[in-house]
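Just so you know, these numbers come straight off a predicted model, no measurement behind them.
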Amino acid sequence: MTASNTEDVVEVLNPAGASPVVLVCEHASSFIPPELQDLGLNRNDRLSHAAWDPGALAVAQQMAKRLDAKLVASRISRLVYDCNRPPDAPDAMPARSELVVVPGNAELDETARQSRTMAYYHPFRETLARTLSVTAAQGATPVLVTVHSFTPVYHGSPRAVEIGILHDSDTRLADAMLEAAQASELNVQRNEPYGPEHGVTHTLKQHGLSNGYANVMLEIRNDLIGTEIQQRKMGDTLCDWLLTALKRIEQEGQP
Ligand SMILES: [Zn+2]
């Protein structure tokens with residue numbers, strides 16, 4: 001079934017970026033390869049937040065520009081393969097996402113799951129690992145920052161949180177960013193609207209914790225990043241917090 005080239009599945013923006021920060025956007029795209037026949041979804045569902053993180057890539061691009069950082073972004077919908085999930089997670093190829101039922105994922109057998117994993121997850125994982133290696137070879141210890149967006153209403157309930165700062169067992173960068181965000185008027189919360197218990201820290205664990213790199217996952221409520229102006233402003237705000245946080249970590253790390 002799905003033969004794919006790495007560059008069709010994942011892209012590295014600003015690959016020559018000099019910053020130790022490596023940005024990641026696993027849910028950057030709503031694209032479903034034609035051979036998967038829209039996974040049986042209608043147009044509305046295909047373009048909804050179930051399929052991707054609206055606005056997240058634009059915010060990450062603004063951050064990449066401000067920081068001169070590399071940005072690794074998936075070019076495939078998370079309904080095809082959610083690159084923030086390991087292959088054995090049922091929601092790596094979800095048969096249902098919030099209210100959206102995904103007919104094309106309803107009866108995937110082991111062969112089909114492996115085929116999707118090979119075609120979409122492995123190239124993403126390898127590209128991110130390589131980008132971190134290239135960054136480490138430039139001399140500074142890499143810092144992993146993943147950028148996501150979430151829907152303001154979930155299963156009918158409005159969400160008050162505006163920015164989530166998420167972490168797994170390494171809390172260094174999240175702690176410092178939460179502190180940097182304290183003066184902000186935005187509603188900023190730790191491990192909201194998701195946390196490690198929801199399986200969302202896969203990329204952080206796989207590429208950050210395993211290497212000892214400081215890491216954080218940023219979740220932005222998508223109604224706050226609907227326009228280009230909002231996306232740029234949000235990117236700048238997050239960069240301000242991130243740079244303050246990194247300075248603080250560096251100071252604390254010194255004897
Ligand atoms: Zn996401």
Side-chain angles (χ1 to χ4, degrees), residues 4 8-13 22-33 36 38-39 41 44-64 70-87 89-100 102 104-105 116-117 119-125 127-128 131 144-154 159 161 163-166 168 191-196 198-208 215-226 231 234-235 238:
S4 53
D8 295 332
V9 173
V10 53
E11 61 185 331
V12 184
L13 298 151
V22 173
L23 296 158
V24 182
C25 207
E26 299 99 318
H27 304 151
S29 173
S30 61
F31 180 72
I32 299 172
L36 296 177
D38 297 336
L39 294 173
L41 296 164
N44 236 10
D45 289 344
R46 281 203 310 276
L47 298 178
S48 75
H49 69 88
W52 67 313
D53 285 354
L57 178 61
V59 172
Q61 282 177 302
Q62 174 67 16
M63 294 178 75
K70 306 174 192 74
L71 165 57
V72 178
S74 173
R75 306 184 86 168
I76 303 290
S77 169
R78 66 169 158 205
L79 296 180
V80 173
Y81 190 103
D82 184 336
C83 285
N84 193 27
R85 294 292 186 282
D91 52 355
M93 293 155 256
R96 186 189 179 98
S97 174
E98 197 195 356
L99 308 173
V100 176
V102 187
N105 291 350
R116 289 250 192 117
T117 301
Y120 305 114
Y121 177 66
H122 284 169
F124 181 87
R125 191 188 64 177
T127 298
L128 176 51
T131 303
L144 179 67
V145 178
T146 71
V147 182
H148 293 258
S149 74
F150 63 92
T151 179
V153 179
Y154 190 68
R159 285 159 154 171
V161 56
I163 310 282
I165 296 185
L166 284 64
D168 203 278
N191 284 339
E192 290 289 343
Y194 307 105
H198 301 105
V200 301
T201 53
H202 172 65
T203 298
L204 299 188
K205 288 193 286 189
Q206 179 93 31
H207 299 276
N215 60 87
V216 72
M217 174 173 176
L218 305 175
E219 280 276 10
I220 309 152
R221 209 176 66 196
N222 71 28
D223 59 315
L224 303 176
I225 48 172
Q231 290 158 354
M234 183 62 75
L238 294 173

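Taking the side-chain contact (heavy atoms from CB on, under 4.5 Å) definition, one finds that Ser97 meets it with Ala50, Leu79, sequence neighbours left out. For the ring-ring contact (aromatic ring centres under 6.0 Å, His included) test, no residue two or more places apart in sequence or in another chain qualifies with Phe31. Under the side-chain contact (heavy atoms from CB on, under 4.5 Å) criterion, Asn222 pairs with His49, Pro54, Ser149, Thr151, Pro152, sequence neighbours left out. Scanning for side chain to side chain donor-acceptor pair (under 3.5 Å) contacts around Thr117 gives an empty result, with sequence neighbours left out. With sequence neighbours left out, Asn105 forms a side chain to side chain donor-acceptor pair (under 3.5 Å) with Arg116. Under the ring-ring contact (aromatic ring centres under 6.0 Å, His included) criterion, His122 pairs with no residue, sequence neighbours left out. For the ring-ring contact (aromatic ring centres under 6.0 Å, His included) test, no residue two or more places apart in sequence or in another chain qualifies with His207. Legend: residues meeting side-chain contact (heavy atoms from CB on, under 4.5 Å) with Leu47, ordered by chain and number and at least two apart, are Ser30, Arg43. Scored by the salt bridge (Lys or Arg N to Asp or Glu O under 4.0 Å) test, Arg125 finds no partners at all (sequence neighbours excluded). With sequence neighbours left out, Phe150 forms a ring-ring contact (aromatic ring centres under 6.0 Å, His included) with no residue at all. Partners of Tyr194 under the side chain to side chain donor-acceptor pair (under 3.5 Å) rule, at least two apart in sequence or in another chain, are Arg159. Partners of Arg75 by side-chain contact (heavy atoms from CB on, under 4.5 Å), not counting sequence neighbours, listed by chain and number: Glu11.
Closest approach of Asn191 to Leu166, counting heavy atoms only: OD1-CA, 3.1 Å. Here the shortest heavy-atom pairing between Pro94 and Arg78 reads CD-O, 3.9 Å. Counting all heavy atoms, side chain and backbone alike, Val147 lies closest to Ala56 at CG1-O, 3.8 Å. Minimum heavy-atom separation, Val161 to Arg221: O-CD, 3.3 Å. Across all their heavy atoms, His148 and Asp53 have their closest contact at ND1-OD2, 3.1 Å. Heavy atoms only, all atoms of each residue included: Ser74 and Glu26 are closest at CB-O, 3.3 Å.
Using the six-membered ring where Trp is involved, Tyr121 and His202 have ring planes that are tilted, between 30° and 60° apart.
The line from OH of Tyr120 to CG of Asp82 is 14.5 Å long, rounded to the nearest 0.5 Å. Considering CD1 of Ile32 and CZ of Arg46, their distance stands at 6.5 Å, rounded to 0.5 Å. Atom-to-atom distance recorded for Gln62:CD and Leu23:CG is 11.0 Å, nearest 0.5 angstrom. Atom CG of Leu57 sits about 9.0 Å away from atom CD of Gln231, to the nearest 0.5 Å. How far CG of Leu39 is from OG of Ser77: 7.0 Å, rounded to the nearest 0.5 Å.
By the 4.5 Å heavy-atom criterion applied to side chains, Leu128 and Val10 are not counted as neighbours. Within the 4.5 Å cutoff, the side chain of Leu218 has no heavy atoms near those of the Ile163 side chain. Between Leu238 and Val145 there is no side-chain heavy-atom pair separated by less than 4.5 Å.
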Original post:
Can you list the steps and then say if Arg85 with Val200 is a side chain to side chain contact (heavy atoms under 4.5 Å, CB included)?
Top reply: CA-CA 7 Å; Arg85 294 292 186 282; Val200 301; 3.8 Å; yes
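Residue Asn84 forms a side chain to side chain donor-acceptor pair (under 3.5 Å) with just one option from Asp91, Thr203, Thr146, Thr201, and that option is Thr203.
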